[in-house]
S.K.: 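My structure is below; once you've seen it, I'll send some questions.
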Amino acid sequence: MQFTQKSREHIDSCRFCWMCHHVCPIGNATGLERNTARARALGLSLVARNAVEYSEDIINNVYECSLCGGCMTDCVTGWDPVMFVKEARLGAALDGKLPDYVMKMIENVQKKGNIYGANLGKALSDKIKTLKKSDTLLFLGADARYKLPKCAIEAIDLLKKLGVSFTVLENEPDSGYAMDFLVSASAETKEIAEKCASTLSGFKTVICYDPQDAKIMKREYKEWGIKVKADVVTFTEFLAKTLKKQKIKNSKFVFTPQDSALLARDLEETEPIREILSKIGTVSEMLLNGKYTMLAGNLIMNEYMPEVMEKVAKNRWENAKNMDTKILVTENPAEYILLKKTKPAGIELLTLEEAVSKCL
Ligand code: SF4
Ligand code: SF4
């Protein structure tokens, strides 16, 4: 396993500190030292020096990171564990050392176009068929299409109700987010991203329902020199802009946003969700909000460490309970699924479109 000079520098500098351990959602869930950025860097520094083999255990440890960027945001010295973890994943792929659970997801992407190996359900497929052609595309993403079709249908219904002219692709291409998560910027990941970009370029505007697709299209595609001719916007941003033109009576509901790390940290988008919620009700903030948000779940990791993902979501509910949250609103399908699974009594959980629909 060969690391770039930049990654080696970050690995060697990061491993002497422990200052970010309290912000790691995985470390907080497992209580294990191996899940801190420092411990991971320590293992990888030995690999980089050829002092130990790039073993199965170290590789598994590399897949125990959600790439949420909490540590990186908290790091006053500016070291970037996300960067070296992604490089370590690419290295495992190039060395032919990917764990079986990763290989299974990659095979599903190759065979079915999504990590779950799933087909589109009839209800969502029928709903998509009702939409006319448009130069605005609602890009649903794999999690909503295959794991949360109910919410995908509700998002479609809300945009229709708001008078937006848009379409959804029955054969939507994969954005490449899952492959980037699993094996970083491999040739296969870039090939998937290029195919997706070419489809999207046939539209004027692309609204990304899932923050993970928005993140890769707006950030990694650019880094890799992959151009999308369309204007790519997040669903939250698009909804905030659309609602500005609508007359809505403010409800008495008190909403608490669960910021998606992909939007708040990776894309630095924190205001649109607050604009929406303060137009339809009142905003009450969560502990650790905005760019300091805490992950509430990741569906890719849920495929191979479901118990930890449940604990991650439960921990976020504890934050919500401590702030006397009444209605928690999430803009991320993966977080919605895991929060729903672990929801305590007495607090309501809504997607952003559910919150808006409730007040129209
Ligand atoms: S990311 Fe920064 S704060 Fe966290 S262990 Fe590394 S050097 Fe310390
Ligand atoms: S990126 Fe997130 S999950 Fe990974 S070590 Fe940092 S805080 Fe923990």
Side-chain angles (χ1 to χ4, degrees), residues 3 6-48 57-92 102 177-178 180-184 211-212 215-216 219-220 258-268 287-316 319 332 334-335 338:
F3 284 99
K6 194 175 172 196
S7 268
R8 280 191 70 145
E9 191 194 336
H10 283 244
I11 286 169
D12 284 343
S13 309
C14 167
R15 70 194 172 91
F16 292 108
C17 160
W18 203 43
M19 298 299 285
C20 65
H21 76 283
H22 62 291
V23 299
C24 178
I26 312 301
N28 287 348
T30 63
L32 296 174
E33 165 76 16
R34 67 182 266 129
N35 291 131
T36 61
R38 179 187 82 148
R40 193 167 287 115
L42 186 61
L44 292 176
S45 76
L46 296 172
V47 174
D57 188 44
I58 296 179
I59 293 170
N60 281 333
N61 184 241
V62 155
Y63 281 95
E64 286 163 15
C65 171
S66 72
L67 309 181
C68 75
C71 50
M72 194 185 84
T73 309
D74 210 59
C75 181
V76 286
T77 39
W79 304 117
D80 185 352
V82 172
M83 177 193 61
F84 62 72
V85 166
K86 286 185 82 177
E87 204 171 301
R89 289 181 185 182
L90 178 61
V102 174
Y177 173 81
D180 185 48
F181 185 92
L182 295 171
V183 288
S184 189
Q212 62 191 25
K215 183 234 171 195
I216 190 168
R219 222 179 66 164
E220 274 77 11
Q258 157 58 14
D259 289 283
S260 158
L262 294 151
L263 296 186
R265 279 201 275 273
D266 294 313
L267 296 181
E268 297 179 4
L287 186 71
L288 298 172
N289 63 64
K291 75 170 185 167
Y292 298 104
T293 188
M294 187 65 89
L295 182 85
N298 174 302
L299 282 186
I300 303 177
M301 292 176 82
N302 195 48
E303 291 291 299
Y304 56 93
M305 41 198 300
E307 295 85 12
V308 175
M309 281 303 109
E310 245 183 62
K311 187 79 200 330
V312 164
K314 278 185 184 159
N315 284 350
R316 198 50 172 152
N319 293 157
N332 182 326
E335 294 192 315
L338 287 152

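In listed order, ligands and their atoms are each counted from 1.
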S.K.: I need the contact type for Met72 against ligand 2. Using non-hydrogen atoms and a strict under-4.0 Å cut-off, is it side chain, backbone, both or neither?
M.R.: neither
S.K.: For Asp259, does its backbone N or O pair with a side-chain atom of Thr293 as donor and acceptor, under 3.5 Å?
M.R.: yes
S.K.: Around atom OH of Tyr292, are there more than 12 heavy atoms of other residues, nucleotides or ligands at under 6.0 Å?
M.R.: no
S.K.: Show which atoms of ligand 1 fall inside a sub-4.0 Å distance from at least one heavy-atom site of Trp79.
M.R.: 7 (S)
S.K.: May I ask you to decide whether Lys86 forms a salt bridge with Asp180, counting only side-chain N to carboxylate O separations under 4.0 Å?
M.R.: yes
S.K.: I'd like to know if the side chain of His10 reaches the main chain of Asp80, judged simply by a donor and an acceptor atom lying under 3.5 Å from each other, with no hydrogens or angles considered.
M.R.: yes
S.K.: Atom 2 (Fe) of ligand 1: which protein heavy atom is closest, and how many Å away?
M.R.: Cys75 SG, 2.3 Å
S.K.: To the nearest 0.1 Å, how far is atom 8 (Fe) of ligand 2 from its closest protein heavy atom, and which atom is that?
M.R.: Cys24 SG, 2.4 Å
S.K.: Tell me which protein heavy atom sits closest to atom 6 (Fe) of ligand 1, plus the residue, atom name and distance to 0.1 Å.
M.R.: Cys14 SG, 2.4 Å
S.K.: For Pro81, counting its heavy atoms only, list the atoms of ligand 1 lying under 4.0 Å from any of them.
M.R.: 1 (S)
S.K.: Using a distance-only test with no angle check, is there a side-chain donor-acceptor pair under 3.5 angstrom linking Thr30 and Asn35?
M.R.: yes
S.K.: Looking only at protein heavy atoms, identify the closest one to atom 4 (Fe) of ligand 1 and say how far it is in Å.
M.R.: Cys20 SG, 2.3 Å
S.K.: Show which atoms of ligand 2 fall inside a sub-4.0 Å distance from at least one heavy-atom site of Ile26.
M.R.: 3 (S)
S.K.: Can you tell me if Arg89 uses its side chain to pair, donor with acceptor, with the backbone of Leu182 under 3.5 Å?
M.R.: no
S.K.: Donor-acceptor pair, distance only, cut-off 3.5 Å: does the side chain of Tyr304 make one with the backbone of Tyr63?
M.R.: yes
S.K.: Under 4.0 Å from any heavy atom of Arg40, which atoms of ligand 2 are there?
M.R.: 5 (S)
S.K.: Can you name the atoms of ligand 2, numbered from 1 with element, that are less than 4.0 Å from a heavy atom of Cys71?
M.R.: 1 (S), 5 (S), 6 (Fe), 7 (S)
S.K.: Taking 4.0 angstrom as the limit and counting only heavy atoms of Ser66, give me the atoms of ligand 2 inside it, by number and element.
M.R.: 2 (Fe), 3 (S), 4 (Fe)
S.K.: Quick one: closest heavy-atom pair of Ala48 and Phe3, and the distance?
M.R.: CB-CD1, 3.7 Å
S.K.: What protein heavy atom lies closest to atom 1 (S) of ligand 2? Include the residue and the distance to one decimal.
M.R.: Gly69 N, 3.3 Å
S.K.: Measure the distance from atom 5 (S) of ligand 1 to every protein heavy atom, then report the residue, atom name and distance (to 0.1 Å) of the closest one.
M.R.: Cys17 O, 3.5 Å
S.K.: Under a 4.0 Å heavy-atom limit, does Ala41 contact ligand 1 with its side chain, its backbone, both, or neither?
M.R.: neither
S.K.: When you measure from the side chain of Glu310 to the backbone N and O of Asn302, does any donor-acceptor pair fall under 3.5 Å?
M.R.: no
